[in-house]
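Residue numbers run from 1 in the order of the sequence given. This structure is a prediction, so every number in the text was calculated from the model and none was measured.
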Amino acid sequence: MIKITSAFLVMFLCAFQLSAQGHTVSGTVTDPEGVSLPGVNVIVEGTTIGAVTDVDGQFSFTAPDPTSILVISYVGYARQRVAIEGRDVVNVVMQPELRAIDEIVVVGYGTRMREELTGSVSTVSGDRMDISTAPSTMGRIQGQVSGVTVTTSNTPGG
């Protein structure tokens with residue numbers, strides 16, 4: 001009985017080890033002109049497994065399944081879904097995504113579309129800023145919107 005249990009345990013561990021190995025996939029991400037793109041996100045769809053391309057646009061990681069689908073995304077380019085289909089090398093050509101952006105508002109450390117904001121938003125047009133003779137952008141904004149005081153600090157994060 002112990003031999004059968006031991007044999008079953010060894011077979012189970014071997015099967016588990018084989019399934020845990022995955023499938024190594026690598027490749028290069030370029031734009032339509034063939035220029036490599038650094039910093040592109042390449043992940044397995046539905047997981048957090050993936051990589052970011054290096055300065056030469058290359059990536060490499062182990063996918064859990066050779067039939068997985070890669071999701072490739074990069075700012076300014078259309079998101080792509082590419083099936084691995086058992087291949088070891090998957091090269092991707094990203095296509096530019098042309099979108100008309102109506103108005104973006106910078107909020108703290110991020111950006112939001114004007115329609116997504118709640119609260120008060122004021123706009124200072126470039127024409128109004130050109131009228132000012134202040135030497136800095138901060139000085140040109142000062143006094144353009146009622147109730148707003150512009151202050152600066154030379155300390156990091158100030």
Side-chain angles (χ1 to χ4, degrees), residues 6-130 135-141 150 152-158:
S6 298
F8 178 73
L9 182 61
V10 168
M11 288 186 341
F12 176 74
L13 290 175
C14 287
F16 181 74
Q17 180 65 26
L18 287 174
S19 68
Q21 288 178 355
H23 180 81
T24 301
V25 62
S26 61
T28 304
V29 180
T30 60
D31 69 4
E33 286 80 38
V35 177
S36 59
L37 297 173
V40 178
N41 292 314
V42 181
I43 63 168
V44 176
E45 187 174 53
T47 70
T48 57
I49 299 169
V52 176
T53 58
D54 63 13
V55 294
D56 297 320
Q58 298 179 348
F59 67 92
S60 180
F61 62 93
T62 302
D65 184 9
T67 61
S68 297
I69 294 178
L70 301 179
V71 177
I72 301 100
S73 60
Y74 192 59
V75 174
Y77 290 85
R79 179 179 298 228
Q80 292 190 28
R81 294 177 69 239
V82 178
I84 295 175
E85 299 174 338
R87 296 178 288 174
D88 295 331
V89 178
V90 178
N91 294 323
V92 179
V93 177
M94 298 296 286
Q95 297 301 320
E97 183 175 39
L98 304 174
R99 279 192 190 181
I101 299 177
D102 292 331
E103 194 167 346
I104 293 180
V105 179
V106 177
V107 183
Y109 295 108
T111 59
R112 295 283 182 262
M113 295 298 292
R114 188 176 184 113
E115 296 84 32
E116 297 174 354
L117 289 175
T118 58
S120 177
V121 175
S122 294
T123 302
V124 177
S125 69
D127 295 337
R128 285 180 59 189
M129 292 199 44
D130 287 341
S136 69
T137 304
M138 299 302 271
R140 290 178 180 198
I141 294 174
V150 179
T152 60
S153 170
N154 292 332
T155 60

Where is the tightest heavy-atom contact between Ser36 and Pro38, given as atom of each residue plus distance? O-CD, 3.5 Å
Using side-chain heavy atoms (C-beta onward) and a distance below 4.5 Å, is Met94 in contact with Leu37? yes
Quick one: side-chain hydrogen bond (donor to acceptor under 3.5 Å, both in side chains) pairs with a partner in residues 64-85, sequence neighbours left out? Glu45-Arg81, Asp65-Thr67
Verify side chain to side chain contact (heavy atoms under 4.5 Å, CB included) between Arg87 and Val25, making sure each step is shown before the conclusion. CA-CA 7 Å; Arg87 296 178 288 174; Val25 62; over 6 Å; no
Supply the atom-to-atom distance Ile43 CD1 to Thr48 OG1, rounded to the nearest 0.5 angstrom. 8.0 Å
Under the side-chain contact (heavy atoms from CB on, under 4.5 Å) rule, collect the residues that match up with Ala51, sequence neighbours excluded. Phe59, Phe61
Nearest heavy-atom pair of Ile49 and Thr62: which atoms, and what distance? CG2-O, 3.5 Å
Identify the two heavy atoms, one from Gly27 and one from Val89, that lie closest to each other, and give their separation to 0.1 Å. CA-CG1, 4.4 Å
Please check this pair: side chain of Thr53 against backbone of Gly39, looking for a donor-acceptor N/O pair closer than 3.5 Å. yes
I want to check something: taking the side chain as every heavy atom from C-beta on, are Pro96 and Asp31 in contact at a cut-off of under 4.5 Å? no
Side chain to side chain donor-acceptor pair (under 3.5 Å) filter on Asp88, not counting sequence neighbours, yields His23
Spell out, as yes or no, whether a donor-acceptor pair under 3.5 Å connects the side chain of Asp56 to the backbone of Gln58. no
Could you check if a side-chain atom of Leu70 sits within less than 4.5 angstrom of a side-chain atom of Val90, using non-hydrogen atoms only? yes
Any idea which heavy atoms bring Gln95 and Pro32 closest together, and the distance? OE1-CG, 3.9 Å
Taking the side chain from Asn91 and the backbone from Thr28, do they hold a donor-acceptor pair closer than 3.5 Å? yes
